[in-house]
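One structure below.
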Amino acid sequence: MFDDHLFPTYTRYPISFTRGKGSWLYDKEGANYVDFASGIAVASFGHCHPKLVEALCQQASMLWHVSNLVDIPQSQRLAERLASITFADRVFFANSGAEANECAIKSARKYQYQRGYPGRYRILTLQNAFHGRTLGTIAATGQDKYLEGFGPKVDGFDTLPIENHEEIAAWVSDASAAIMIEPIQGEGGVKVISHEHLIFLRQLCDTHGLLLIFDEVQTGMGRTGDLFAYSRSGVTPDILTVAKGLGGGFPIGACLATNDVAVAMGPGSHASTFGGNPLAMACGNVVLDLLLERDFFKLMGEKACYVRSELHDIKNSFPELISDIRGVGLLIGIQVSVNNSIFISEAYRQGLVLVGGGDNTVRILPALNIPQEDLKEGLYRLRCVCTEIRRNALPNVEKI
Ligand SMILES: *Cc1c(COP(=O)(O)O)cnc(C)c1O
């Protein structure tokens, strides 16, 4: 077996890619695949974007790693740029989404502590959420399937149904520190939290001195057709986490916060050996250059519209296979009526890479700069996937 010496934590599809270029992946045999997964919303500018390759190679030939014991100008620059395009004043760099969320959780607790409320440490999260796989973030995620077998759940997290205003309001007590949500639940099956609900949560936080944390690890950095999902919603958090798309494929995470929150995290309160590493910062800065290019979001919006209308077309052709299409921008979930892993396997056979999600969805997360013709080819292959699944579902006699 190809992965004998790795922990058996993943159910892998038996395929490996040797090369990627833009929205295309190639395997050992040279077969090509349209990439509608982007390594789970990570390679947001496709594979081996020339500007990312150039910046990474240039940095790699200068300096790799020095630690946060000294100043890293590239991290100052990326932090300043992230602050200038968001509500945030300060940034902590980590290496993954879960770590960015750990920083957010610790910051919220420490903020309340420094304000004189050491007993305010509880954080409300929503059902069906996903915040990561560390002990803290599985507790925040609050789903049994992620918690089972790992001993007592880290204390201080309460999970409530998404749209239940009454229960959420009743949760607030003198132990409450913050509310933490994904504005669009990605892993949970691309579920968009309503604008009305976001406003309700913001008001609740303001009334009771709680912090609002947006986990934009998946929705951030352009995925929804805006820089962040919060900018589209008009509801501003106090803390925001990003990761997946931020490095264009290089591991990186970041926790953004207002100055009030960030100053609570004084010297020695948090750290990361690798966080803010020059290689990661070089990539993050290029991703930001690309996102901020003129007309980028206009072009992306056109592509998102095109995908949506094509997907509805496919849904109309295969109503027995596709039951729902949802999402914003290029964060798209289609709910299928066969087991989603069957759908995804068939897609690999048709040369198309997709990602699964909760609620039996298949996620479509193409590169944000995917060329129109690649999008078209990917959607054509998606149609072939549906045709093939329909054909296989027919009684044998009709296949002949
Ligand atoms: C992927 C994801 C995480 C976890 O990120 P890792 O880099 O795997 O730790 C957390 N929150 C959300 C919303 C995610 O989509």
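Remember, it's 1-based here, ligands and their atoms both numbered in the order they're listed. Residue numbers start at 1 and run along the sequence shown.
Between Phe92 and His270, the ring planes are tilted. Angles from 30° to 60° get that label.
Residues Ile332 and Ile344 are members of one and the same hydrophobic cluster, defined by side-chain heavy-atom contacts under 4.5 angstrom among Ile, Leu, Val, Met, Phe, Trp and Tyr.
In the vicinity of Ser96, heavy-atom distances shorter than 4.0 Å reach the ligand 1 atoms 7 (O), 9 (O). Residue contact check: Glu182 has heavy atoms under 4.0 Å from atoms 13 (C) of ligand 1. For ligand 1, the atoms lying closer than 4.0 Å to a non-hydrogen atom of Asn101 are 10 (C), 11 (N). Of all atoms in ligand 1, numbered sequentially from 1 with element shown, those under 4.0 Å from a heavy atom of Gln218 are 15 (O).
Shortest contact from atom 11 (N) of ligand 1 to any protein heavy atom: Asp215 OD2, 2.8 Å. Remark: minimum distance from atom 6 (P) of ligand 1 to any protein heavy atom is reached at Gly97 N, 3.5 Å.
None of Thr134, Thr141, Thr241, Thr137 except one satisfies the side-chain hydrogen bond (donor to acceptor under 3.5 Å, both in side chains) rule with Asn101; the exception is Thr241.
Of the listed options Glu187, Glu99, Glu216, Lys244, Lys244 places a heavy atom closest to atom 15 (O) of ligand 1. Within the set Pro183, Pro251, Ala94, Ala98, the minimum heavy-atom distance to atom 4 (C) of ligand 1 is found for Ala98.
Neither the backbone nor the side chain of Ala243 comes within 4.0 Å of ligand 1, counting heavy atoms alone. When heavy-atom distances to ligand 1 are checked against a 4.0 Å cut-off, His131 comes that close only through its backbone atoms N, CA, C and O. Residue contacts with ligand 1 for Thr241 are absent, since no atom lies close enough (heavy atoms, distance under 4.0 Å).
Considering all non-hydrogen atoms of both residues, Tyr111 and Asp260 come closest at CD1-O, 3.7 Å.
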For this session: Please report the C-alpha distance between Asp324 and Lys315 in whole Å, then the side-chain angles of each, then the deciding distance to 0.1 Å, and finally whether the salt bridge (charged side-chain N to carboxylate O under 4.0 Å, His left out) criterion is met.
Result: CA-CA 8 Å; Asp324 195 18; Lys315 179 173 180 282; over 6 Å; no

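Inter-residue side-chain proximity for Ile168 and Leu201 is flagged as met; some heavy-atom pair is nearer than 4.5 Å.
A ring-centre distance under 6.0 Å is found for Phe17 and Tyr33.
Between the side chains of Gln74 and Arg77, not a single donor N or O lies within less than 3.5 Å of an accepting N or O.
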